[in-house]
Amino acid sequence: MRHTLLIASLLALPLAAQADGFKLSSSSVADGKPLSLRQVYKGFGCEGGNISPQLSWSGAPAGTKSFAVTAYDPDAPTGSGWWHWTVVNLPANTHALAEGAGSTGGALPEGAVQGRTDYGESRFGGACPPVGDKPHRYQFTVWALKVDKLPVDANASGALVGFMLNANALGKASLTATYGR
């Protein structure tokens, strides 16, 4: 048993080392800082721009065949968090998304699919925590995947997309912003 665990640990080292170099950055969102009103939802009592942030990534693990991006609020008072954005099937040569790419009228790479957010829309849905809650965390994550495409469409829930991402991830890189009202 120990021998098997040792071999499994040694085999995982190269993947961990490759994933260490995988980085996500943004000119729209700063790690550990509050979101701007541009990334706040327009609706549900919020009056933001509902604009998806600019995101750039580098250092993806070897063997990456596609990317996905998610935005998730683990602090939403739902018992299961809140999916603000899922976009999958980004080609392996994609290393950035422009601000607004996931918003109405935005331009995503050909073949990309946006899943259904917890707002019920297949596009980016900005922050809109309940009034009086402590500031929520908004986790923006880029996923490096071992498959060219995930078999999902615009009706796929965040939970389904999350399941598929975890089953096919080679690595991921995140930044977390906050927002409260």
Give, for atom [atom1] of [X] and atom [atom2] of [Y], the distance between the pair rounded to the nearest 0.5 Å.
X    : Y    : atom1 : atom2 : result
N168 : D148 : CG    : CG    : 11.0 Å
L108 : S103 : CG    : OG    : 9.0 Å
S25  : D31  : OG    : CG    : 11.0 Å
L37  : Y179 : CG    : OH    : 5.0 Å
S52  : H84  : OG    : NE2   : 13.5 Å
C128 : D118 : SG    : CG    : 13.0 Å

### The single option from Q39, K33, R38 passing side chain to side chain donor-acceptor pair (under 3.5 Å) against S36
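Among the candidates, only Q39 passes.
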### Query
Do NZ/NE/NH1/NH2 and the carboxylate oxygens of R116 and E121 come within less than 4.0 Å?
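Salt bridge between R116 and E121, a charged N being under 4.0 Å from a carboxylate O: no.
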Are any of the side-chain heavy atoms of [X] and [Y] separated by less than 4.5 Å?
X    : Y    : value
V87  : F124 : no
V161 : W83  : no
D75  : P129 : no
P53  : F140 : yes
R137 : P74  : yes
H136 : P77  : yes
K65  : L170 : no
T141 : L24  : no

### Task
Not counting sequence neighbours, list each pair that qualifies as a disulfide (SG to SG under 2.5 Å) and has a residue in residues 146-181.
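As it turns out, there is no disulfide (SG to SG under 2.5 Å) pair with a partner in residues 146-181 once direct neighbours are skipped.
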Give me the atom names and distance for the closest heavy-atom approach of [X] to [Y].
X    : Y    : answer
G158 : T86  : CA-CG2, 4.2 Å
A96  : Q54  : CB-NE2, 4.5 Å
F67  : A92  : CE1-O, 3.3 Å
L35  : A127 : CD1-CB, 3.7 Å

### Query
In chain order, what residues pass the side-chain hydrogen bond (donor to acceptor under 3.5 Å, both in side chains) check against T178, with sequence neighbours excluded?
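Scan of T178 (side-chain hydrogen bond (donor to acceptor under 3.5 Å, both in side chains), adjacent residues dropped) gives none.
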### Task
For L175 and S26, run side chain to side chain contact (heavy atoms under 4.5 Å, CB included): C-alpha distance rounded to whole Å, both residues' side-chain angles, the deciding distance at 0.1 Å, then the answer.
CA-CA 9 Å; L175 56 86; S26 175; 4.2 Å; yes
Identify whether [X] and [Y] are in the same connected component of the hydrophobic contact network (ILVMFWY, side-chain heavy atoms under 4.5 Å).
X    : Y   : result
V113 : L97 : no
L90  : W85 : yes
V29  : V40 : yes

### Message
Pair Y41, T117 - check side chain to side chain contact (heavy atoms under 4.5 Å, CB included), show working.
### Response
CA-CA 12 Å; Y41 193 68; T117 69; over 6 Å; no
### Candidate pair T70 and W143, rule side chain to side chain donor-acceptor pair (under 3.5 Å), full reasoning
CA-CA 8 Å; T70 60; W143 302 73; 3.1 Å; yes
### Query
Of V147, L150, L145, which is the lone residue that meets side chain to side chain contact (heavy atoms under 4.5 Å, CB included) with V88?
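So, applying the side chain to side chain contact (heavy atoms under 4.5 Å, CB included) to V88 and each of V147, L150, L145, only L150 qualifies.
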#### Entry: Side-chain donor/acceptor of S157 to backbone N/O of L160, under 3.5 Å
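Yes, S157 side chain to L160 backbone: donor-acceptor pair under 3.5 Å.
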### Query
Which of these passes ring pair (Phe, Tyr, Trp, His ring centres under 6.0 Å) with W82: Y119, Y72, Y138?
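When Y119, Y72, Y138 are each tested with W82, the ring pair (Phe, Tyr, Trp, His ring centres under 6.0 Å) holds only for Y119.
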### Query
Hey, mind stepping through S174 and Q139 against side chain to side chain donor-acceptor pair (under 3.5 Å) and telling me if it holds?
CA-CA 7 Å; S174 298; Q139 300 167 337; over 6 Å; no
